[in-house]
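Data first, discussion second: the structure below is written as C-alpha cells.
Throughout, protein chains are lettered first and strands after them, A, B, ... in sequence-line order, and every chain is numbered starting at 1.
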Amino acid sequence: MTSLTVSSVITSGRVELVNVRQRLLLIAKVRLLWVLCLFALVALTAVFRIALLGLFEPSRASRSLSDVLLPARGEIVDRNGVPLARAFPAYALWYNPQALGDSGSPLVKPPAEVAAALVAIFPDMDEAELTRQLATGRRGYLRRRILPEDANKVHALGEPALEFPRENERYYPQGSMAASVLGFVSADGEGRVGMEQVFDEQLTDPATKGAPAVLSIDTRVQGALEDELHEGMMLSNAKGAAGIVLDVDTGEVLAMASLPSFNPNQIQRSDVPNIFNRVTNQVYELGSTFKPLTVAAAIDAGSITDLSRRFSGAPLRVGRFTIRDSHPIGDTINVPEILIHSSNVGTALIADELGPERLKATMERLGFNRRPEIELPARGFPLWQSGKWARITNMTVSYGHGIAVTPLHLASAYAAMVNGGIWRPATLKKVDPAHVPDGHRVFKAATSARMRQLLRMIVDLGTGKKANAVGYRVGGKTGSAEKPGAGGYRRTSLVSTFAAAFPMDRPRFVIIAMLDEPQGTVATSYQRTAAWNAAPVVGRLVPRIGPLLGVMPDATRDVDLTDLAPLVPGKAEE
Amino acid sequence: MNLTRDRVRSIGWVAVLTICGALTMGLTLRVNAVKSQVRLAERQIVSLQRQKTMLETEFETRANQQQLKVLNDVEFGYQAPTAAQYLEGERQLAVFAKPRGPNAPAPIRVASAVEASPPPLSTLLSSVAAKAREIQSSDEPHKPATVAGVAERESTNDGDIDPLSKLERLEDDRE
C-alpha cells in the first residue's frame, strides 16, 4: 500500500518534471525568436539608415546652401551686368542697455564720454542728443548704417552695450546716379517709385530673386548724361534739368536723368521733392521741338510736296491772336529755312494747310494723347485738347504751344521720325534683339529720310550749331518755350530743350536735353534759349557716349544734302 | 568549459551582432564626420561669398561714375577723343608708317599665332613685315635702314619688296 503510494508520487513527479522542461524549452525558443527578431530589426534599421543617408542627405544639404546664398532681395543690374542695386549685409549701430546685465549702469564709462567718443567717429552726430539717449537707458538704433571700419572703431571703445548687428540693407553702389530710374526700398521692405517698385514681386519671390533684374540702362552713358546735364544746369543757373538717351530701333532707354537728384542710400535724409521724375512725370510745353513733327506730318500727308515753296514771314493774325517770330526772318521763307531759323509763322501756315484733323491724328499716333509708354509707375498725363481742334489750336500746337507732354513723349516721337517711321514704346528693360516690339508706322520711310536731312541741316546751319559734334553727324532741333504762369506766358521763365539724334546717316540714338528755367549767364552769353544752353550739352555728350555705343566718328561721312543745299543760302555757297 | 553546439551558435550570433554593431557605429561616425566637413565647407563658401560681395560692392562704390568723374577732374583731365583720333582700319593705320631712321633701335618683334583658315589682313601684314625685317637683318645686319637703302634693295632684288607696298598689292588683289 505504502509502496504503491510512493510509486504513484514518483510517477506524478516525473511527469511534472517533463512538463516543466518542455515549458522551459518553449520559453527559450520564444525568447530566441525575439532576439532574432531584434537582430533583424537592428539590421534592417541600419540598412534603412544607410540607404537614407546615401540617397537623400546630400540633396538636403545643397538646398540649404543655395537658400543661404540667395540674396534677401534680388539685384538690379544695368545692361552690361554692372550692379545698380543689391542686398548688402551692412552694419547698424544698436544700443542695448541690457548687455551688461540688469543691475547697474549699462555703460562702462560715463554717457557723456561715450557720446564724445562716438561723435569723434561720426562727426555729423549730435553730442548732446546722443548723451541724453545713452543716459536714458532706452534701447534703439543710434545709427542705421555704419561702415565696417567704423564698426571696428566702435568695437575698440570697449562698450558691450554698443552692438553692431548685421542687417540686410538695400545698397546702391552708384549713389545718386539713376536714382529716378531705380527708386528706393522703404523701411518696410517694399520697392518705391522706380524699377524697385516695378520689379518688386520678381525681386522678392524666392524662385526668381536669384537671377538679377536687367535694365536697359548703360551705367557709363547714364554717368555721362548726368554729368553733362549737371554742368549745363550749373552754367545756365537752371532750376532743374532732364535728359534721356533712347535707342531708336528698340525703344530701350539707355540713360534717363532728372536733376536735381536724390540719394537712395540716404532716403530718410534726402530731399523728398527731388524724387519727382521730370522725364516721365512732368509735362512741359516743349516749344519749337514740335516743328519738325509738324513738317513731317505735312510731308507725309502730301500737303508739302515742294520744299522750295515760299511761305510768308509776316506776323499772322488769327482771330484775336497774332503769331509772330522771335526775330525777323524775311518776307518769304521756304521749308528748310522755316526749320533752320525756327519760324513760328511758317510752321503755323504749314499746319493750317495740313488741317487740324491730320495734325491731331499724327499727334495721336505718336502717343501725345495718353500717358508715356514706360514701366515706371509715375507717368504724367499730357495737357491734350480732346475733341475737334480749332484753327488757332492747330496752329499753336504746330510749334509746341497749347500742348504739354513729357520729355519721354518727345524722345519716342523723334525716334519714330528718324528711324524710318516706326513708333515703339520706350522700355527700361533690356530688349532681346530677336524680340524687338513691332510698334506701328507713323511716318513713311521717305518722310523719315527727308526729316533726317532737315534735322541735320538745323545743326549744321541753324540754331543747333553748338550741338554739332564733329564726325558724329548730329541732327536735332532746339526749343525754347515760355512757361505758362498767372495771366499768360512768363517771358523770363523758359523751358529750353534740345531734341537730337545721331548719327543722322543711320540714326541709332535719340537724345533729349532739357533745362528748366535757365538764366542768362556769362557762360551762355547772357542768352536763355536752347541754342545757348541745351544744345551745347548735347554737343559735349555725344563725343563721350558715341564710341561707347558703337558709333565711330568720321569727319568724312555725312548725310547727303545735295538736293536741299540750293534751298539754303549758307549751304549753297559751300 | 563544456561547449555545446547551441552555445557555440549563440556565441557566434553575439559575435556577428557585435561586428554588425561595430560596423554600423563606424559607418555612422564616418558619415557624421563627412557631414560636418561638408557643413564646414558650406559655411566657408557662404562666408567667402559674403566677403566677395562686400569687396565687390566696395570696389563698385569707390569706382562709381561720380567718383571717377571727380578723380578725372582733379587728377587726369581726360577728355573724349576727337574724330581725328579714330582710325577706320589697317589701311588708315598704315598711312602713319615711316621708314626707320638712322640709328633707330631694332623694331620689337612679336610672335603671333598662325590661324588655320583664311588668315586676316593683320596676320598677312605682320608676316610680310617680319619677312622683310628678316631679310634686312640677314642681308646687312649693321646697316641702318634708310629710304635710299630700301629703294636700293628694291632695285637690286625683285623678290623683296617694301612691306607697305606689298600690303597695298594684297589689298588690291582682294578688291
Please round to the nearest 0.5 Å and tell me the distance separating atom [atom1] of [X] and atom [atom2] of [Y].
X	Y	atom1	atom2	answer
A/Asp554	B/Gln92	CG	CD	7.0 Å
B/Asp73	A/Asp227	CG	CG	7.0 Å
A/His230	B/Lys69	NE2	NZ	8.5 Å

Region of [X] that comes under 4.5 Å of a non-hydrogen atom in chain A:
X	value
B/Val46	both
B/Thr53	both
B/Gln85	neither

Problem set entry | Choice from B/Arg62, B/Glu56, B/Arg43 maximising heavy atom contacts with chain A below 4.5 Å |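 Looking at each option in turn, the highest pair count goes to B/Glu56.
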Problem set entry | Leading residue by heavy atom contact count with chain A [cutoff under 4.5 Å; candidates B/Thr28, B/Thr57, B/Leu27, B/Val16] |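 Most heavy-atom pairs under 4.5 Å with chain A: B/Thr57.
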Problem set entry | Under 3.5 Å donor-acceptor, A/Gln174 side chain and B/Gln65 backbone |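 Pair found, side chain donor or acceptor close to backbone of B/Gln65.
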Exercise. What are the two closest non-hydrogen atoms of B/Ala83 and A/Gly471, and how far apart are they?
Worked result: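 Heavy atoms only, the tightest pair is CB-CA, 4.2 Å.
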Which bit of [X] is near chain B, if near means a heavy-atom gap under 4.5 Å: side chain, backbone, both or neither?
X	value
A/Leu36	side chain
A/Arg540	neither
A/Tyr172	neither
A/Met177	both

Can you confirm whether [X] is buried at [atom1], in the sense that more than 12 heavy atoms of other residues, nucleotides or ligands lie under 6.0 Å from that atom?
X	atom1	result
A/Met234	CE	yes
A/Arg79	CZ	yes
A/Phe39	CZ	yes
A/Lys466	NZ	no

Problem set entry | B/Tyr86 vs A/Pro547 side-chain heavy atoms within contact, under 4.5 Å |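 Yes. Closest side-chain heavy atoms under 4.5 Å.
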Exercise. Is the shortest distance from a Lys or Arg side-chain nitrogen in A/Arg86 or B/Glu60 to a carboxylate oxygen in the other one below 4.0 Å?
Worked result: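 A salt bridge is absent here (no side-chain N lies under 4.0 Å from a carboxylate O).
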Problem set entry | Which of A/Gly223, A/Ala469, A/Pro173 touches chain B most, by non-hydrogen pairs under 4.5 Å |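 Among the listed options, the one with the most contacts to chain B is A/Pro173.
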Problem set entry | Residue, of A/Ser176, A/Ala555, A/Ala43, A/Ala224, that accumulates the most heavy atom pairs under 4.5 Å with chain B |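 The candidate making the most pairs under 4.5 Å is A/Ser176.
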